[in-house]
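Remarks on the structure that follows.
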Amino acid sequence: MSTSPVETVPSAGDTVPGPRPADLHAPVIDWFGENARDLPWRRPEAGAWGVMVSEFMLQQTPVSRVLPIYEEWMRRWPTPGDLAAESTGEAVRAWGRLGYPRRALRLHAAAAAIAERYEGQVPADHHLLLALPGVGEYTAAAVASFAYGQRHAVLDTNVRRVFARAAGGSQYPPNATTAAERRLARAMLPEEPATAARWAAATMELGALVCTARKPDCSACPIADQCAWRRAGTPAHDGPERRGQTYAGTDRQVRGKLLAVLRESVDPVSRATLDQVWNKPEQRNRALRGLLTDGLVERLPDGTYRLPGA
DNA sequence: GAAACGTGGTA
DNA sequence: TTACCAAGTTT
């Protein structure tokens, strides 16, 4: 069959032809060179462990809130072995108010696995990374790409939004990552691994700084002229409702309150003290039970509670 | 595939 | 003030 010299990316409705990958690489990568933030995990001294720690912390959490916690963690636990030698409770405590504290547990477990199985070196192989606790499709690709310069489609919420707009002509991507998005992301990848890694970081940064969810600044966008969404007149999102996340009154909120008490206290805490954080006994008990099951809280023989000591 | 899982900033 | 959003993973 005949292959056209310049491949085009299929776009959603196809009333608007998508941009050609090769036409986007240079503008986006050049823009990144001028506008990339100087983040600590992007510096060479961060190493693969620094990249991994940052990726765990950045899951569903803004950069501004991660920065101070990241610095403290890297100072305290500069290698996977250092973290693995620490108690899980200290990891949860040092996680502070980042949210989703099970990430601290999983990062600790990942560090232990790395120390035991890989002589303390963060693996470079995508499949080995994926097998670590708390490492999913995105994080495995991010570590392999950012820490080791490999060629992977790195599909985070920023990249998905950039592609949805630039190539798909839609304001927002689908709720869950689709096979079509993965295919598109792979098709967009530059051939050279180092360039592909740069592209991954650049598209992510573009989504974070310019092609944002609420107020995209198209005047600052290096590919505005080629953007399918712009060409279509920036139509409003039409697909299924983007389901919002409620929080007030949920078990999650109760778990957060319970854990906050235990984080602040050096000494074990009585059940009576914990009972004060929420006035619905049933929900309160369920939340505490869940924390115990998850390994985020430990009950001592005397009936008091604390963050896990071992 | 849907639901659970924290927390705080911004419009 | 309510609602959305933030470098996702697991069950």
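Chain identifiers are assigned alphabetically (A, B, ...) following the order of the sequence lines, protein sequences preceding nucleic acid strands; residue numbering begins at 1 within each chain.
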If you measure only the distance, is there a donor-acceptor pair under 3.5 Å linking the side chains of [X] and [Y]?
X        : Y        : value
A/Thr61  : A/Arg103 : yes
A/Ser219 : A/Asp217 : yes
A/Trp229 : A/Gln171 : no
A/Tyr247 : A/Arg252 : no
A/Glu205 : A/Asn35  : no
A/Gln59  : A/Thr139 : yes

Is any side-chain N of the basic residue among [X] and [Y] closer than 4.0 Å to the acidic one's carboxylate O?
X        : Y        : value
A/Lys280 : A/Glu282 : no
A/Arg255 : A/Asp294 : yes
A/Arg75  : A/Glu72  : no

Roughly how many Å apart are [M] and [N], using the [atom1] atom of each and rounding to a whole number?
N     : M      : atom1 : result
C/dA7 : B/dA3  : P     : 23 Å
B/dT7 : C/dT11 : C1'   : 22 Å
C/dT1 : B/dG8  : C1'   : 15 Å
C/dT9 : B/dG1  : C1'   : 15 Å

Pick out the pairs of N or O atoms, protein on one side and nucleotides 1-3 of chain C on the other, that lie under 3.5 Å.
none

Sugar-phosphate, base or nothing in reach of [X], heavy atoms under 4.0 Å:
X        : value
A/Trp95  : nothing
A/Arg161 : sugar-phosphate
A/Leu39  : base
A/Tyr172 : sugar-phosphate
A/Ala213 : sugar-phosphate
A/Gly99  : base

message = Rounding to an integer number of Å, can you tell me how far A/Asn158 CG sits from C/dC5 C1'?
response = 11 Å
query = Under 30°, 30 to 60°, or over 60°: which ring-plane class applies to A/His25 and A/Trp199, parallel, tilted or perpendicular?
reply = perpendicular
ask   = Does any residue of residues 253-278 of chain A have a heavy atom under 4.0 Å from DNA chain B, and if so, which ones, in number order?
value = A/Arg255, A/Gly256, A/Arg263
key: Among C/dA7, B/dT7, B/dG6, the one nearest A/Glu205 by side-chain distance   = C/dA7
query = Which residue, A/Ala176 or A/Asp251, contacts DNA chain B at a nucleotide closer to its 5' end, judged by nearest heavy atom?
reply = A/Ala176
ask   = Heavy-atom contacts under 4.0 Å between residues 51-66 of chain A and DNA chain C, which residues?
value = A/Glu55, A/Leu58, A/Gln59, A/Gln60, A/Pro62, A/Val63
